[in-house]
Protein chains: 2
Amino acid sequence: MRASLDRIDFKMLRLLQDNGRLTNAELAQSVVVSPATCHRRTQRLFDEGYISHVRAVVTPQKVDRGALVMVGVVLDRSTPESFAEFEKAVAKLKFILDCHLVAGDFDYFLKIRVGDMADFNRIHGDQLIALPGVRQTRTFFVMKEVVDNAPLDF
Amino acid sequence: MRASLDRIDFKMLRLLQDNGRLTNAELAQSVVVSPATCHRRTQRLFDEGYISHVRAVVTPQKVDRGALVMVGVVLDRSTPESFAEFEKAVAKLKFILDCHLVAGDFDYFLKIRVGDMADFNRIHGDQLIALPGVRQTRTFFVMKEVVDNAPLDF
DNA sequence: GATGAAATCCGAGTCAC
DNA sequence: GTGACTCGGATTTCATC
């Protein structure tokens, strides 16, 4: 089997990233191969992990998750155990969309979606500062989402 | 037409968010309605904007975009014109996945994906500090992606 | 090892109720 | 909201290169 992607595979990836509902027949037409070949290639993109999954993107504002907040977190101690404990606890909080260990003034950056500022303040007091090992947090309310989760450019 | 979503609609939204490739027939079974009803409800979720689009999620590491960087940006001036100009320029840079206007120590937060640190350093020098009105940037390299773009919990 | 044509099967989309 | 129907796409097989 071919080791990497050719021009057609990349085009398929981009098309599917833009529209995950494309039918195999449409995709085949767009990249000018037969439906059978297109189907096999698409399978491969999934099987080999180029596409991890397909997601219907839900509009946050429509399901009462219109408020976005970025939070910088500093832990008490910078030990592997401390990090592990924090990360384990974060995974359970479903309102946390991103959690990244970073180099710089913070240990972690969180991206959080909630209904509104009141929600966030309650959650912050109840759940964020209660996370294991948290020394301090810095909250950045998002006032305008200029670009959110743009497609990958490759 | 019903003004909001019932329990079945919410379940469909969650299922489609988890797997955008679900067939209408499968979805209908999962929520225990007929395929015809399920089809109409799904249509509505799209037509009324509950689902904005469907995306195949491409694995960044597989397409040489394995490096993630968060960048805080401070502008020279806090005028609407300055903001508008900055935002317009940001929209053209495809390696910027998120750009949010925030309240706090920064004006904007960016989330950026590139191939590696060398890529980022070149881009930072060439394109980020060259963005209109940028006074300073603070870079946070992501050392570990604990959670990235988790599904929305609603 | 990959391709396209053809054949089968099954779901999407529509209509009447 | 359901059931039935038609059409077209998904998926497999197979011959070919």
Side-chain angles (χ1 to χ4, degrees), chain A residues 1-64 149 151-154, chain B residues 1-66 115 149 151-152 154:
Chain A
M1 174 181 285
R2 283 173 299 114
S4 67
L5 303 186
D6 64 15
R7 205 183 143 285
I8 292 177
D9 294 312
F10 274 112
K11 193 167 182 185
M12 289 173 55
L13 268 185
R14 289 191 199 95
L15 288 167
L16 287 172
Q17 182 178 223
D18 286 344
N19 181 6
R21 295 189 103 200
L22 274 181
T23 65
N24 182 64
E26 290 167 330
L27 188 58
Q29 276 213 315
S30 298
V31 300
V32 198
V33 295
S34 71
T37 295
C38 185
H39 186 259
R40 267 192 304 270
R41 281 172 176 261
T42 304
Q43 283 286 27
R44 178 189 169 210
L45 294 178
F46 281 93
D47 292 346
E48 299 187 6
Y50 291 95
I51 297 174
S52 61
H53 60 288
V54 176
R55 174 183 293 183
V57 180
V58 176
T59 306
Q61 290 73 18
K62 288 280 196 172
V63 292
D64 192 30
N149 201 21
L152 206 52
D153 180 51
F154 54 90
Chain B
M1 174 178 283
R2 281 173 300 113
S4 68
L5 302 185
D6 65 14
R7 207 183 142 284
I8 292 176
D9 294 312
F10 274 111
K11 192 167 182 185
M12 288 172 56
L13 268 184
R14 289 190 200 96
L15 288 167
L16 287 172
Q17 182 178 223
D18 286 344
N19 181 7
R21 295 190 105 199
L22 275 180
T23 65
N24 183 63
E26 291 167 331
L27 188 58
Q29 276 214 313
S30 298
V31 300
V32 197
V33 295
S34 72
T37 296
C38 185
H39 187 262
R40 248 183 301 100
R41 281 175 178 260
T42 304
Q43 283 286 27
R44 180 188 168 210
L45 294 178
F46 281 92
D47 291 347
E48 299 187 6
Y50 291 95
I51 297 174
S52 61
H53 60 287
V54 176
R55 173 183 294 183
V57 180
V58 176
T59 306
Q61 290 74 17
K62 286 280 196 171
V63 292
D64 192 30
R65 294 295 181 274
N149 201 20
L152 206 51
F154 54 89

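First the proteins, then the strands, lettered A, B, ... as listed; each starts at 1. What you are looking at is a predicted structure, and each value in this text was computed from that prediction instead of being measured.
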- Closest listed nucleotide, where the reference is the side chain of A/Arg41 and the choices are C/dT3, D/dA10, C/dA12: C/dT3
- Is B/Arg14 reaching over with its side chain to a backbone N or O of B/Phe154, donor-acceptor style, under 3.5 angstrom? yes
- Note on the structure: Rounded to whole Å, CD of A/Gln29 lies from P of D/dG8 at a distance of 13 Å
- Query: Just how far, in rounded Å, is P of C/dG1 from CD1 of A/Ile8?
  - Reply: 19 Å
- Item | side-chain N/O B/Thr37 vs D/dT2 OP1/OP2, d < 4.0 Å | yes
- Message: If I take atom CD in residue B/Glu26 and atom C1' in nucleotide C/dA12, what distance separates them, rounded to the nearest angstrom?
- Response: 13 Å
- Distance-only, no hydrogens or angles: does the B/Asp18 side chain make a donor-acceptor pair with backbone N or O of B/Leu15 under 3.5 Å? no
- Item | Of the listed nucleotides C/dT14, C/dA2, C/dG4, the one nearest the side chain of A/Arg2 | C/dA2
- Could you check whether B/Ala36 gets within reach of a base, just the sugar-phosphate, or nothing at all, counting any heavy atom under 4.0 Å? base
- Task: State whether the side chain of B/Lys62 and the backbone N or O of A/Glu48 hold a donor-acceptor pair below 3.5 Å, judged by distance alone.
- Result: yes
- Report the distance from atom OG1 of B/Thr42 to atom CG of B/Leu16, rounding to the nearest 0.5 Å. 6.0 Å
- Query: Just how far, in rounded Å, is P of C/dG13 from CZ of B/Phe46?
  - Reply: 10 Å
- Return the nearest nucleotide to the side chain of A/His39; candidates are D/dT2, C/dT3, D/dA10. D/dA10
- Message: Within the 4.0 Å heavy-atom criterion, would you say A/Arg21 contacts the bases, only the backbone, or no part of the nucleic acid?
- Response: nothing
- How close or far is atom C1' of D/dT13 from atom CZ of A/Arg40, stated in whole angstroms? 10 Å
- Provide, to the nearest angstrom, the distance between the CG atom belonging to B/Asp9 and the P atom belonging to D/dG1. 8 Å
- Query: Does OP1 or OP2 of D/dG9 have a side-chain N or O of A/Asn24 closer than 4.0 Å?
  - Reply: no
- C/dT3, C/dA12, D/dG9: which one has an atom nearest the side-chain heavy atoms of A/Thr23? D/dG9
- Message: In this structure, how many angstroms lie between the P atom of D/dG9 and the CG atom of A/Leu27, rounded?
- Response: 13 Å
- Message: Just the rounded figure in Å: distance from P of C/dG13 to CG of B/Asp47.
- Response: 12 Å
- Query: Does B/Gln61 CD have over 12 foreign heavy atoms under 6.0 Å away?
  - Reply: yes
